[in-house]
Trainee: 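Dropping a structure here in structure tokens format, bear with me for questions.
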There are 2 protein chains.
Amino acid sequence: MSKEDHLKQAGLRTTIPRLKILEIFSNTEHKHLSAEEVYRALLEEGDDIGLATVYRVLTQFETAGLLQKNMFGDNKAVFELDSGVHHDHMICTECGKVQEFHNNDIERLQIELSKNAGFQLHYHEMNLYGCCEQCGSKKSGSN
Amino acid sequence: MSKEDHLKQAGLRTTIPRLKILEIFSNTEHKHLSAEEVYRALLEEGDDIGLATVYRVLTQFETAGLLQKNMFGDNKAVFELDSGVHHDHMICTECGKVQEFHNNDIERLQIELSKNAGFQLHYHEMNLYGCCEQCGSKKSGSN
DNA sequence: TTTATTGCAAAACCTTTGCATGTAT
DNA sequence: ATACATGCAAAGGTTTTGCAATAAA
């Protein structure tokens, strides 16, 4: 589906800011971007789009299911393209890198635990914080 | 250990605000409190303690290991007494109730997955969002 | 032409900080 | 007496909102 179709389907008009923002998420090597980062990426491309618009578009995209919002404890939201496939995150506290992972056994246990607690599970977030492979080897190398 | 001893051990002087805040966490039925909620609880008891002090004390207590800080996606931190025993949370998105849980199989899988990814796991947060037993039965009852 | 979208500035919200005053040791 | 804590008000960072101007349908 084209970016335009994505927007139409979400009931959103095709506008420059929306197309550009969608493009940024499609092209960036960092899949997880904060509003500020999206804003700066737009500026770097010479696009004159207000920060308020970025926030509005990100929220609309999240509502439309185009983006997924995550809080990684740094008090600011980061967004990523919503692939439709659920996954969780490993966040490197040294370099900020985010890796995705998925594990069926954990998911199954979460459902089971919820059921046992009389809890209707709608969704979850699981964030593992630590040191990624690159940062880990850097540190042990320098010791 | 007495509350005073807790403070002394943390290198913190024994002051009214600190004792009162510790007391609130010990006595409340809601274990998970935001700064604002602590502040209001103090006001209700007639204690005239500034919000800035509440924030400072909460941060100091967290650093000292007396309190544990959690972000439940609502963009504001909630604190609970740090029992020293790790647990995760189920959060009711209807009434806000927070239940704690712990599962060794999940913890083990998290460690295993991290190892396989070359990731040095330091800590994690796992939050299950949904509908607690009470709210769930209320809803099905009214349909 | 009608309705949605944008930009800007202002405000909202949670949290932190500077500084003078007050308090524990 | 000294070093630490507090209160207040101001400022910080992220996010939202009011409103007039603009652009998509």
Side-chain angles (χ1 to χ4, degrees), chain A residues 2-24 32-43 45-64 66-79 96, chain B residues 2-24 32-43 45-64 66-79 96:
Chain A
S2 77
K3 291 191 189 5
E4 280 214 35
D5 291 338
H6 270 120
L7 294 177
K8 283 226 178 70
Q9 191 179 272
L12 297 170
R13 290 185 178 174
T14 306
T15 66
I16 307 279
R18 289 178 181 149
L19 290 173
K20 294 280 185 184
I21 290 174
L22 222 37
E23 206 172 292
I24 283 180
H32 301 82
L33 299 173
S34 67
E36 191 66 35
E37 287 167 334
V38 171
Y39 178 62
R40 283 209 310 274
L42 289 166
L43 288 186
E45 293 185 359
D47 297 312
D48 198 6
I49 294 171
L51 182 55
T53 300
V54 173
Y55 273 103
R56 274 188 287 236
V57 170
L58 292 177
T59 303
Q60 291 160 344
F61 282 7
E62 192 205 356
T63 304
L66 272 58
L67 290 179
Q68 206 187 293
K69 186 179 181 176
N70 288 104
M71 298 291 296
F72 292 149
D74 5 16
N75 274 9
K76 65 180 181 185
V78 299
F79 296 81
Chain B
S2 76
K3 292 191 191 1
E4 280 214 37
D5 291 337
H6 270 119
L7 294 177
K8 284 226 178 70
Q9 190 179 271
L12 297 171
R13 291 186 176 172
T14 307
T15 66
I16 307 279
R18 288 177 181 150
L19 290 173
K20 293 282 184 181
I21 290 174
L22 223 36
E23 206 172 292
I24 283 179
H32 302 80
L33 300 173
S34 67
E36 190 66 37
E37 287 168 334
V38 171
Y39 178 61
R40 282 209 310 275
L42 289 166
L43 288 186
E45 292 184 1
D47 298 311
D48 198 5
I49 294 170
L51 182 55
T53 300
V54 173
Y55 273 102
R56 274 186 287 234
V57 170
L58 292 178
T59 304
Q60 292 159 344
F61 283 6
E62 193 205 356
T63 304
L66 272 57
L67 291 179
Q68 204 187 296
K69 185 179 182 177
N70 289 104
M71 299 291 297
F72 292 150
D74 2 19
N75 274 10
K76 65 178 181 188
V78 299
F79 295 81

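The chains referred to below are lettered A, B, ... by the order of the sequence lines, with proteins before strands, and numbering in each begins at 1. All values below come from the heavy atoms of this structure, side chains included, with hydrogens, waters and symmetry mates left out.
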Trainee: Pick out the pairs of N or O atoms, protein on one side and nucleotides 17-21 of chain C on the other, that lie under 3.5 Å.
Mentor:
unit_1: dG18(C); atom_1: O6; unit_2: Arg56(B); atom_2: NH1; d: 3.3

Trainee: Taking CG from Asp48(B) and P from dG7(D), how many angstroms apart are they, rounded to a whole number?
Mentor: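 Going from CG in Asp48(B) over to P in dG7(D) covers 7 Å.
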Trainee: From C-beta outward on Leu51(B), which listed nucleotide comes closest to its side chain: dT15(D), dT15(C), dT6(D)?
Mentor: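 Between dT15(D), dT15(C), dT6(D), the one nearest the side chain of Leu51(B) would be dT15(C).
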Trainee: With sequence neighbours excluded, tell me which residues meet side chain to side chain donor-acceptor pair (under 3.5 Å) with Gln60(B).
Mentor: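 For Gln60(B), the residues satisfying side chain to side chain donor-acceptor pair (under 3.5 Å) (neighbours in sequence not counted) are Arg18(B).
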Trainee: Rounded to the nearest Å, what distance is computed from the CG atom of residue Leu33(B) to the P atom of nucleotide dT15(C)?
Mentor: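 Answer to the nearest Å: 13 Å.
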Trainee: For the pair made of NZ in Lys8(A) and P in dT5(C), what is the distance, rounded to whole Å?
Mentor: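 For the pair Lys8(A) NZ and dT5(C) P, the rounded distance is 13 Å.
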Trainee: Who pairs with Ala77(B) by side chain to side chain contact (heavy atoms under 4.5 Å, CB included), at least two apart in sequence or on another chain?
Mentor: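 Ala77(B): side chain to side chain contact (heavy atoms under 4.5 Å, CB included) contacts with Lys69(B), Met71(B), Phe79(B).
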Trainee: Estimate the overall bend of the helix from dT1(C)-dA25(D) to dT25(C)-dA1(D) from the end axes over five pairs each, rounded to 10 degrees.
Mentor: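 That helix gives 30° between its end axes.
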Trainee: Counting only heavy atoms not in Ile16(B) (residues, nucleotides, ligands), do more than 12 fall under 6.0 Å from its CD1?
Mentor: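 No, the 6.0 Å shell around CD1 holds no more than 12 heavy atoms from other groups.
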Trainee: How would you list, by chain and number, every residue that makes a side chain to side chain contact (heavy atoms under 4.5 Å, CB included) with Ala35(A), sequence neighbours excluded?
Mentor: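 Testing Ala35(A) for side chain to side chain contact (heavy atoms under 4.5 Å, CB included), a comparison that skips the adjacent residues, returns Val54(A), Tyr55(A), Leu58(A).
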Trainee: May I have the distance from Arg18(B) (atom CZ) to dT23(C) (atom P), rounded to whole angstrom?
Mentor: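 Arg18(B) atom CZ is separated from dT23(C) atom P by 15 Å.
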Trainee: Applying side chain to side chain donor-acceptor pair (under 3.5 Å), can you list everything that pairs with Asp5(B), at least two apart in sequence or on another chain?
Mentor: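 In terms of side chain to side chain donor-acceptor pair (under 3.5 Å), with neighbours along the sequence ignored, Asp5(B) is linked to Ser2(B).
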Trainee: In Å and rounded to the nearest 0.5 Å, what is the CG to CZ distance from Leu22(A) to Phe61(A)?
Mentor: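 Taking CG in Leu22(A) and CZ in Phe61(A), the distance rounds to 5.0 Å.
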Trainee: State which residues pass salt bridge (charged side-chain N to carboxylate O under 4.0 Å, His left out) with Asp74(B); sequence neighbours excluded, sorted by chain then number.
Mentor: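 Salt bridge (charged side-chain N to carboxylate O under 4.0 Å, His left out) list for Asp74(B), sorted by chain: empty.
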Trainee: Going by the rule side chain to side chain donor-acceptor pair (under 3.5 Å), which residues pair with Ser34(A) if we only count those two or more places apart in sequence or in a different chain?
Mentor: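 Side chain to side chain donor-acceptor pair (under 3.5 Å) list for Ser34(A), sorted by chain: Glu37(A).
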Trainee: Nearest 0.5 angstrom please: Leu42(A) CG to Asp48(A) CG, how far?
Mentor: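 Output value for this atom pair is 10.0 Å.
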Trainee: dT6(D), dT16(C), dT6(C): which one has an atom nearest the side-chain heavy atoms of Thr59(B)?
Mentor: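 Out of dT6(D), dT16(C), dT6(C), the nucleotide with an atom closest to Thr59(B)'s side chain is dT16(C).
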Trainee: My understanding is that only residues two or more places apart in sequence, or in another chain, count here; which of them pass side chain to side chain donor-acceptor pair (under 3.5 Å) with Thr14(B)?
Mentor: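 By the side chain to side chain donor-acceptor pair (under 3.5 Å) rule, Thr14(B) matches Glu4(B).
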Trainee: Work out which heavy atom in Ile49(A) is nearest to a heavy atom in Pro17(A); give both atom names and the distance.
Mentor: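 Nearest heavy atoms, Ile49(A) then Pro17(A): CD1-CA, 3.6 Å.
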Trainee: Measure from CG on Leu19(B) to P on dA24(C) and round the result to the nearest Å.
Mentor: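 In whole Å, dA24(C) P lies 10 Å from Leu19(B) CG.
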Trainee: Whole Å only: how far is the CZ atom of Phe79(B) from the P atom of dC14(C)?
Mentor: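 One finds 14 Å between P of dC14(C) and CZ of Phe79(B), rounded.
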Trainee: Between residues 67-77 of chain B and DNA chain C, which residues have a heavy-atom gap below 4.0 Å?
Mentor: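 Heavy-atom contacts with DNA chain C come from Asn75(B), Lys76(B), Ala77(B).
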Trainee: Using whole Å, report how far CG of Asp47(A) lies from C1' of dG7(C).
Mentor: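 For the pair Asp47(A) CG and dG7(C) C1', the rounded distance is 15 Å.
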Trainee: Rounded to whole angstrom units, what separation is found between the OH atom of Tyr39(B) and the P atom of dC14(C)?
Mentor: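 Rounding to the nearest Å, OH of Tyr39(B) and P of dC14(C) are 14 Å apart.
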Trainee: Give each protein N/O atom lying under 3.5 Å from an N/O atom of nucleotides 20-24 of chain D, with the pair distance.
Mentor:
unit_1: dA24(D); atom_1: N3; unit_2: Arg13(A); atom_2: NH1; d: 3.2

Trainee: For atom CD of Glu45(B), is the number of surrounding heavy atoms from other residues, nucleotides or ligands below 6.0 Å larger than 12?
Mentor: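 It does: Glu45(B) CD has more than 12 such atoms within range.
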Trainee: Working to the nearest 0.5 Å, report the span between CG of Leu66(B) and CD1 of Ile21(B).
Mentor: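 That separation rounds to 11.5 Å.
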Trainee: Partners of Lys76(B) by salt bridge (charged side-chain N to carboxylate O under 4.0 Å, His left out), sequence neighbours excluded?
Mentor: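 Once residues adjacent in sequence are excluded, Lys76(B) has no partner under the salt bridge (charged side-chain N to carboxylate O under 4.0 Å, His left out) criterion.
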